[in-house]
Trainee: 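Before we start, here is the structure in question, set down as structure tokens.
Worth saying up front: this structure is predicted, and the values here are computed from it rather than measured. Worth knowing before you read on, the calculation uses all heavy atoms, side chains too, and leaves out hydrogens, waters and symmetry mates.
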Amino acid sequence: MLVVAIDIGGTFTDLMGFNDKTGEFVDAKSLTTPQHLVQGIIDCIRKCGIDPSGINELLHGSTTAINTLIERKGAKTGLIVTNGTRDVYLIGRGNRPESYNLFFHRHEPLVARRLTREVNERMLASGEVFEPLNASSVEDACKVLAEEGVDAVALCFLHSYVNPEHEKQAGEIVRKMLPNAYLSLSHEILREYREFERVSTTIVNAYIGPTVGGYVRTLEKGLGDIGFKGDLTIMRSNGGVMSPEIATMRPVAMMESGPVGGIIAAAQVGQTLGFPNTISFDMGGTTAKASLIKDGEPTMAPGYYVGGYASGHPVMVPVVDLVEVGAGGGSIAWIDEVGALKVGPHSAGAEPGPISYGRGGTEPTITDANVVLGRLDPDNFLGGDMKLDAAGAAKGIEEKNAKPLGLSTVKAAQAILDIAISKMSLAVREVSVAKGYDPRDFALVASGGNGAMHVIAIARELHIPTVIVPLFPAHFSALGMIVADERHDLIRTHFTDLSQLDFAKLIVVYKEMMAEAQASLRQKNEVEYQCHLDLRYVGQEFTLPIPVTLGMMEAGDRATIRNAFDQMYERRYANNSPTEPVELVNIRLFVVGKRPHMNFPTLPNKGVPSPTHHRDVYFADASKALRSPVYQRADLGPDVALQGPALIQERGTTTVLFEGDTLKMAPSGEMIITVGGK
């Protein structure tokens, strides 16, 4: 069985394939083609010599969904709501996170007020009908939206998370009167209370729906044109995969589908090597991302804000919890109006790219700084497929950064890296220290084309003792997609006091959610179910998810559930209130369809490696270059040990070892680095 995964990044498109019959890996990397993303995929398939007709399954992660939203290039969208709730979306939340920020601004709505139409209907929070749906008012709303020429419609009625009947009826009318418009019904996207967050998530789904749906159709056609006949699978933000049909209906579920593959792979690699607690660090061409993995499981968030908490768009779908900063290989180094050196968030991307790419780039980047410092080999970039312009990189940094700062070119290049390392270290702190975890208790797993080059500096900054550079780090997100299971997350709001919880009703809702998830599953041979109850003390706003089993619900085991909540509250907040009443808010169900296990090969014995050559490299001290050995990773067999300073080159990335670092190869091929001899 040949499984291929493709991850489209801001600069490069990565391909990773594995044939479980022969035990062979294939990989390829090509520049991303922003104007026609499918072409970058086809380029990778052709570059690695795979016959498309022989691919059994192709998994794909893309930034199309989130880029459409961030760049505000989505569809013209209309909104249909319950009479009296027209301005819920415009008003948003009344909180102001940055009280003294004079430049604070609220979220910029994706739907204009004139495109928000009210209809006559009303459902109570109990699910009872207070006012029946008036079909003619829905028809009137559709006529207005048709005249406005909307391409998508979001439909979100009050309390439809409890009883969606009115939404279903209105949806049928909208489909008849606006047959060409993309339609999002809130109960199909998010069955959770909080009106602003629910309507925002539904609108985002509708806003990006036509673009994502068109992209998926173009992808299917483009692959079909070159002979692909297997199954196409899309990565989703929760770390699982889904079918193209689900992705087209719920594109909001693939907002972060690109980077989460690497996090899933980092969890599996750490668990295999005896490091269940790891921090995934992925540095690509445009951004760097960090995510915490505890006890072998990635940290999940119930949702997030695209564009930041203060003024972003809430998207309340389960997502692997990650922090992203604008520090990638293509991040531009620039001087601000007061003469300070800044790095990012703007990126040179794939077009024109860093100066050293020789594709017309004129702004110095992190990649150019690494070329100047000798960490990148201009003649062996991407395995020699791409030559770098070292002289151009040095000249660009000298003119744009060094001269304005009164520094030498080398010191300016080192300053660029120092600033980037500080930004990326803050991301790692945010997923660990800010959540109550000590990063020294975790191993740092590096991935992305630039991750291995900078991870040791970040580990030294945060006193992290162990770094892991996995197999195929430059293709790691794609590799993670290969091992990712199919996953569907469902949520239902179910308000009740825990002491009065009717477990029979709870089981009915649970089984309804199970049936809904099973209908969406492709992988049905081995299925796992995980259920959580969102609990909180009465009077509080936020909840904690408490794992429960069907057996606990059937036994009505209220005491065990309550005790688990008190214990988790104690771990999270260092106190609890066992005598205070507790209430249930939501039921969450995670359904995982296990994919067939891949038997990856072990590393063959290769003897004692010799460096291919030596090169002058600047490490932490820009005033002194060290003559450092350069090894090829392909020459390193199991249990080989190396001491820094040294460079380990492979296709797609370079690992930088500082003085005092010790590297040991794992039998399965990963590089385990003890930082600074600790």
Trainee: After noting the C-alpha distance and the side-chain angles of D321 and K435, does the key distance pass the side-chain contact (heavy atoms from CB on, under 4.5 Å) rule?
Mentor: CA-CA 11 Å; D321 192 12; K435 303 278 177 73; 2.6 Å; yes
Trainee: Please name all residues satisfying ring pair (Phe, Tyr, Trp, His ring centres under 6.0 Å) with H494, sequence neighbours left out, ordered by chain then number.
Mentor: none
Trainee: What pairs with D27 under salt bridge (charged side-chain N to carboxylate O under 4.0 Å, His left out), at least two apart in sequence or on another chain?
Mentor: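 Listed in chain order: R651.
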Trainee: For L292, is there any backbone N or O sitting under 3.5 Å from a side-chain donor or acceptor partner on T299?
Mentor: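 Confirmed, T299 side chain pairs with L292 backbone.
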Trainee: Do you know the tightest heavy-atom contact between A75 and D151?
Mentor: CB-CB, 3.9 Å
Trainee: When the ring centroid of H159 is compared with that of F157, is the distance short of 6.0 Å?
Mentor: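 So the answer is no for these two rings.
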Trainee: Do P314 and R194 have side chains that get closer than 4.5 Å, going by heavy atoms?
Mentor: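 Counting from C-beta outward, P314 and R194 never come under 4.5 Å.
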Trainee: Are L223 and P52 close enough that some pair of their side-chain heavy atoms sits under 4.5 Å apart?
Mentor: no
Trainee: Write down the atom of V431, the atom of A290, and the distance for their closest heavy-atom approach.
Mentor: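 Closest heavy-atom pair between V431 and A290: CG1-O, 3.4 Å.
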Trainee: Can you tell me how far apart OG1 (T543) and CZ (F565) are? Round to the nearest 0.5 Å.
Mentor: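 The CZ atom of F565 is 8.5 Å from OG1 of T543, to the nearest 0.5 Å.
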Trainee: Hey, are T287 and K289 close enough side-chain-wise for a donor-acceptor pair under 3.5 Å?
Mentor: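 Side chains of K289 and T287: pair found under 3.5 Å.
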Trainee: Quick one: closest heavy-atom pair of T248 and Y182, and the distance?
Mentor: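 So the two residues come closest at O-OH, 2.6 Å.
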Trainee: Could you check E192 against E197 for side-chain contact (heavy atoms from CB on, under 4.5 Å), going step by step and ending with a plain yes or no?
Mentor: CA-CA 9 Å; E192 182 179 4; E197 288 77 8; over 6 Å; no
Trainee: If you measure from CG on D295 to CD on Q271, what distance do you get to the nearest 0.5 Å?
Mentor: 8.0 Å
Trainee: Please report the C-alpha distance between H475 and K29 in whole Å, then the side-chain angles of each, then the deciding distance to 0.1 Å, and finally whether the side-chain contact (heavy atoms from CB on, under 4.5 Å) criterion is met.
Mentor: CA-CA 8 Å; H475 302 78; K29 187 182 281 280; 3.9 Å; yes
Trainee: How long is the straight-line distance from CG of L498 back to CG of L535, given to the nearest 0.5 Å?
Mentor: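 Going from CG on L535 over to CG on L498, the span is 6.0 Å.
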Trainee: Whether the side chain of N205 engages the backbone of M249 through a donor-acceptor N/O pair (distance < 3.5 Å, no angle test) should be reported.
Mentor: yes
Trainee: Starting at CD1 of I80, measure out to OG of S184 and round the result to the nearest 0.5 Å.
Mentor: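 The CD1 atom of I80 sits 12.0 Å away from the OG atom of S184.
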Trainee: If the condition is salt bridge (charged side-chain N to carboxylate O under 4.0 Å, His left out), which residues does R487 pass it with, not counting sequence neighbours?
Mentor: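 Only D489 meet the salt bridge (charged side-chain N to carboxylate O under 4.0 Å, His left out) criterion with R487.
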Trainee: How close do G312 and Y305 get, counting heavy atoms only, and between which atoms?
Mentor: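 In this case the closest contact between G312 and Y305 is O-CD2, 4.2 Å.
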Trainee: Compute whether any side-chain donor of one residue and acceptor of the other, for E486 and H488, lie under 3.5 angstrom apart.
Mentor: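 Distance-only check passes for E486 and H488.
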Trainee: How about T493 and V162: do any of their side-chain heavy atoms sit closer than 4.5 Å?
Mentor: no
Trainee: Quick check on Y529: does its OH atom have over 12 non-hydrogen neighbours (other residues, nucleotides or ligands) under 6.0 Å away?
Mentor: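 Result for OH/Y529: enclosed.
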Trainee: Do F476 and D282 have side chains that approach each other closer than 4.5 Å (heavy atoms only, starting at C-beta)?
Mentor: no
Trainee: Starting at CD of E245, measure out to OG of S520 and round the result to the nearest 0.5 Å.
Mentor: 10.5 Å
Trainee: List the atom of M235, the atom of V241, and the distance in Å for their closest heavy-atom pair.
Mentor: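 Looks like SD-CG1, 3.7 Å.
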Trainee: How about K168 and H187: do any of their side-chain heavy atoms sit closer than 4.5 Å?
Mentor: yes
Trainee: Sequence neighbours left out, what pairs pass ring pair (Phe, Tyr, Trp, His ring centres under 6.0 Å) with at least one residue falling in residues 196-234?
Mentor: H60-Y215, H107-F196
Trainee: Are R191 and E516 within salt-bridge range, i.e. N to O under 4.0 Å?
Mentor: no
Trainee: Once salt bridge (charged side-chain N to carboxylate O under 4.0 Å, His left out) is applied, do any residues pair with E128, and if so which ones, sequence neighbours excluded?
Mentor: none
Trainee: Judged by modelled atom types alone, do S186 and S160 share a side-chain donor-acceptor pair under 3.5 Å?
Mentor: yes
Trainee: Hey, which of D231, L15, I45 is the one that makes side-chain contact (heavy atoms from CB on, under 4.5 Å) with L58?
Mentor: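 Answer to the side-chain contact (heavy atoms from CB on, under 4.5 Å) test with L58 among D231, L15, I45: I45.
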Trainee: What pair of heavy atoms forms the shortest contact from S291 to L322, and how long is it?
Mentor: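 What the structure gives for the nearest pair is CB-CB, 4.1 Å.
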Trainee: Using 0.5 Å steps for rounding, measure from the CD1 atom of I468 to the CZ atom of F281.
Mentor: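 So the CD1 of I468 and the CZ of F281 are separated by 15.0 Å.
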Trainee: So E195 and L158, side-chain contact (heavy atoms from CB on, under 4.5 Å) or not? Walk me through it.
Mentor: CA-CA 7 Å; E195 293 305 311; L158 197 64; 3.6 Å; yes
Trainee: Got L506 and L501 here, is their nearest side-chain heavy-atom distance under 4.5 Å?
Mentor: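 Result yes, sub-4.5 Å side-chain heavy-atom pair found.
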Trainee: Would a 4.5 Å heavy-atom cut-off, applied to side chains only, mark Y161 and M123 as touching?
Mentor: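 The answer is no; the side chains never approach within 4.5 Å.
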Trainee: Taking side chain to side chain contact (heavy atoms under 4.5 Å, CB included) as the definition, give me every residue that meets it alongside E172, ordered by chain and number, with sequence neighbours left out.
Mentor: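 Applying side chain to side chain contact (heavy atoms under 4.5 Å, CB included) to E172 gives R175.
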Trainee: Do T77 and V153 come within less than 4.5 Å of each other through their side chains, counting heavy atoms only?
Mentor: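 They are not in side-chain contact.
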Trainee: Within the distance-only criterion (no hydrogens, no angle test), does the side chain of N163 pair as donor or acceptor with the backbone N or O of G127 below 3.5 angstrom?
Mentor: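 Answer holds: yes.
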Trainee: Keeping the roles fixed (side chain from Y89, backbone from L110), state whether a donor-acceptor pair exists under 3.5 Å.
Mentor: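 Between the backbone of L110 and the side chain of Y89 there is a qualifying donor-acceptor contact (under 3.5 Å).
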Trainee: Could you check whether any side-chain N or O of T68 sits under 3.5 Å from a backbone N or O of I208, counting only pairs where one atom can act as donor and the other as acceptor?
Mentor: no
Trainee: In terms of relative ring orientation, are Y437 and F442 parallel, tilted or perpendicular, with 30° and 60° separating the classes?
Mentor: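 Answer is perpendicular, since the angle exceeds 60°.
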Trainee: Any sub-3.5 Å donor-acceptor pair from T202's side-chain atoms to A154's backbone N or O?
Mentor: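 It does not hold such a pair.
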Trainee: Is a side-chain N or O of R492 found less than 3.5 angstrom from the main chain of L589, in a donor-acceptor match?
Mentor: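 Flag not set: sc R492 to bb L589 has no pair under 3.5 Å.
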